[in-house]
Structures are given as structure tokens and as C-alpha cells.
Novice: 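Shown below is the structure under consideration.
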Amino acid sequence: MAAVPQLQRQFIEYTTSLYNEGYLDDQFTQLQKLQDESNPDFVVEVVSLFFEDSEKLLNNLATALQQNIVDYKQVDSHVHQFKGSSSSIGAQRVTSVCVLFRNCCEEKNLDGCLRCLQQLKHEYINVRSKLEALFRLEQQILQAGGSIPMME
């Protein structure tokens, strides 16, 4: 097993890359600051709820866009909800796609909406994978007796 300082260095480098590559923004840092000894799993719990909601929203969006007559207000409502939840955890790329998606809804552009749905799925899968890897790294640090370094 890797030594705690090495794991902590990996954690800092990996987290920094998530910010530099636009996967996360400062809202994720704010979320981390709300976590403390009294609620050590706060971030994992909030992000897990985001994952659950996102799966439902992606399914709802796919269903809504497959209708013979697309209700763009309903689609926009789902996208608006997705945008809010992704923004609240700092999932910057997901939030950005939601902005484009909402524009396509406003224009009643079915092809644009379908493209945005595919892009949204792609960005969601990416950020989920990245955050799951980050949480695994956190667990390795804690299991090795270390503490999670705070990002500035």
C-alpha cells in the first residue's frame, strides 16, 4: 500500500487536474468546506444524490425527446433541474451542456436537443467516473491513517 504522503500528493494532483480540465469549479470546493468531523461523508452523500437524480433526469429527457410531439417546456424543465443540481455540486462541464441544451429547447430544435442529450450523457458519465475515482482515493488515504488535504 502506498504511503500517506504519496496518496495525499496524488489526491492534490488529481483534484487540481479536475479543476484545470473544467470538470469541477469552485462550488465543489465550497461543498467540501461544509464537510467536517460531525458529518464526514457529507460530500459523498450529496454527490451520490446528484448521481441518482441525474440517472432519472437522463431517462426522463430521453423519453420526452422520443415523443411524436415533443413538449419542449417539459424537456426544458428537466434540463433546468439538471443544470441546478450539477451547478450545486460544481460539475462545470455538465452545467455548460445544460445551458446549450436549454437554448435548443427555447428554439424547439429537436436535432440540437438530441445532440445535447448525447453530450450531456457523455459529460455526466465522465464527471461521475472522475468523482468516484476521487472518492476511492480519499478512502485509501483514510484507510492508511491519513487525513484528506484541503484544496485552496
Novice: Okay, side chain of Ser85, backbone of Phe82: is any donor-acceptor separation there less than 3.5 Å?
Specialist: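 Checked: pair present.
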Novice: Please report the shortest heavy-atom distance between Cys116 and Val97, naming the atom on each side.
Specialist: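 Taking every non-hydrogen atom into account, O-CG1, 3.7 Å.
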Novice: Any non-hydrogen side-chain atom of Val43 less than 4.5 Å from a side-chain atom of Phe28?
Specialist: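 With C-beta onward as the side chain, the pair touches.
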Novice: Decide yes or no for Leu120 and Leu61: does some side-chain heavy atom of the first lie under 4.5 Å from some side-chain heavy atom of the second?
Specialist: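 Of all side-chain heavy-atom pairs linking Leu61 with Leu120, at least one is under 4.5 Å.
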Novice: Answer yes or no: is there a side-chain heavy-atom contact under 4.5 Å between Ile69 and Gln67?
Specialist: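 No, side chains not in contact.
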Novice: In the structure I gave you, are the side-chain heavy atoms of Leu58 and Leu117 within less than 4.5 Å of one another anywhere?
Specialist: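 Leu58 vs Leu117: side chains touch.
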Novice: Hey, does the side chain of Thr16 reach the backbone of Ile12 with a donor-acceptor pair shorter than 3.5 angstrom?
Specialist: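 At least one qualifying donor-acceptor pair exists.
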Novice: Is there a continuous path of hydrophobic side-chain contacts, each under 4.5 Å between heavy atoms, that joins Leu49 to Leu131?
Specialist: no
Novice: To the nearest 0.5 Å, tell me how far Glu138 CD sits from Ser147 OG.
Specialist: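 Nearest 0.5 Å value for the CD-OG distance: 11.0 Å.
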Novice: Kindly compute the distance separating CD (Gln81) from CG (Asp53), expressed to the nearest 0.5 Å.
Specialist: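 Here the rounded value is 6.5 Å.
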Novice: Can you check whether Ile89 reaches Gln27 side chain to side chain, under 4.5 Å on heavy atoms?
Specialist: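 Result no, sub-4.5 Å side-chain heavy-atom pair not found.
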Novice: Would you call Arg128-Glu132 a salt bridge at under 4.0 Å N-O?
Specialist: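 Here Arg128 pairs with Glu132 in a salt bridge, since their nearest N and O are under 4.0 Å apart.
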Novice: Would you find a donor on one side and an acceptor on the other, under 3.5 Å apart, between the side chain of Asp26 and the backbone of Thr29?
Specialist: no
Novice: Of all heavy-atom pairs between Leu7 and Ala144, which one has the smallest distance, and what is that distance?
Specialist: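 Scanning both residues, the minimum pair turns out to be CD1-CB, 4.2 Å.
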Novice: Would you please say whether a donor-acceptor pair under 3.5 Å links the side chains of Tyr23 and Ser17?
Specialist: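 Absent: no donor and acceptor within the cut-off.
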Novice: State whether the side chain of Ser77 and the backbone N or O of Lys73 hold a donor-acceptor pair below 3.5 Å, judged by distance alone.
Specialist: no
Novice: Please report, to 0.1 Å, the donor-acceptor pairs under 3.5 Å made by any side chain of residues 98-106, with sequence neighbours excluded.
Specialist:
| from | atom 1 | to | atom 2 | distance (Å) |
| --- | --- | --- | --- | --- |
| Arg102 | NE | Asp76 | OD1 | 2.8 |
| Arg102 | NH1 | His80 | ND1 | 3.0 |
| Arg102 | NH2 | Asp76 | OD2 | 3.0 |

Novice: Side-chain contact test, heavy atoms from C-beta onward, threshold under 4.5 Å: evaluate it for Asn39 versus Glu45 and give yes or no.
Specialist: yes
Novice: Rounded to the nearest 0.5 Å, what's the gap from CG on Leu110 to CG on Leu65? Could you check?
Specialist: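 Here the interatomic distance stands at 6.5 Å.
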Novice: For the atom pair CD (Gln143) and CZ (Arg136), what is the distance rounded to the nearest 0.5 Å?
Specialist: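 Gln143 CD to Arg136 CZ: 12.5 Å, rounded to 0.5 Å.
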Novice: Are Glu107 and Tyr72 packed together at the side-chain level, in the sense that at least one heavy-atom pair is separated by less than 4.5 angstrom?
Specialist: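 The answer is no; the side chains never approach within 4.5 Å.
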Novice: Evaluate the side-chain contact (heavy atoms from CB on, under 4.5 Å) criterion for residues Asn126 and Glu123: first the C-alpha distance (whole Å), next the side-chain angles of each, then the deciding distance (0.1 Å), finally the verdict.
Specialist: CA-CA 5 Å; Asn126 279 343; Glu123 292 299 347; 4.2 Å; yes
Novice: Give me the atom names and distance for the closest heavy-atom approach of Phe50 to Ser86.
Specialist: CE1-CA, 3.5 Å
Novice: One pair to check against side-chain contact (heavy atoms from CB on, under 4.5 Å): Leu24 and Gln92. What are the steps and the verdict?
Specialist: CA-CA 5 Å; Leu24 298 176; Gln92 184 176 348; over 6 Å; no
Novice: Scan side-chain atoms only and decide if Glu55 and Tyr124 contain a donor-acceptor pair under the 3.5 Å cut-off.
Specialist: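 Their side chains do contain a donor-acceptor pair, which is all the 3.5 Å distance test asks for.
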Novice: Taking all heavy atoms of Ile141 and all of Pro149, pick out the closest pair and write down the distance.
Specialist: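 Minimum heavy-atom separation between Ile141 and Pro149: CD1-CD, 4.3 Å.
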Novice: Are the side chains of Arg93 and Glu21 in contact, using a 4.5 Å heavy-atom criterion?
Specialist: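 Result yes, sub-4.5 Å side-chain heavy-atom pair found.
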Novice: Do Thr95 and Ser87 get their side chains close enough for a donor-acceptor pair, meaning under 3.5 Å?
Specialist: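 Looking only at side-chain atoms, Ser87 and Thr95 do not form any donor-acceptor pair under 3.5 Å.
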Novice: Distance from Gln30 atom CD to Gln32 atom CD, nearest 0.5 Å?
Specialist: 10.0 Å
Novice: Say you draw a straight line from CD of Gln118 to SG of Cys113; how long is it, rounded to the nearest 0.5 Å?
Specialist: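 Nearest 0.5 Å value for the CD-SG distance: 12.0 Å.
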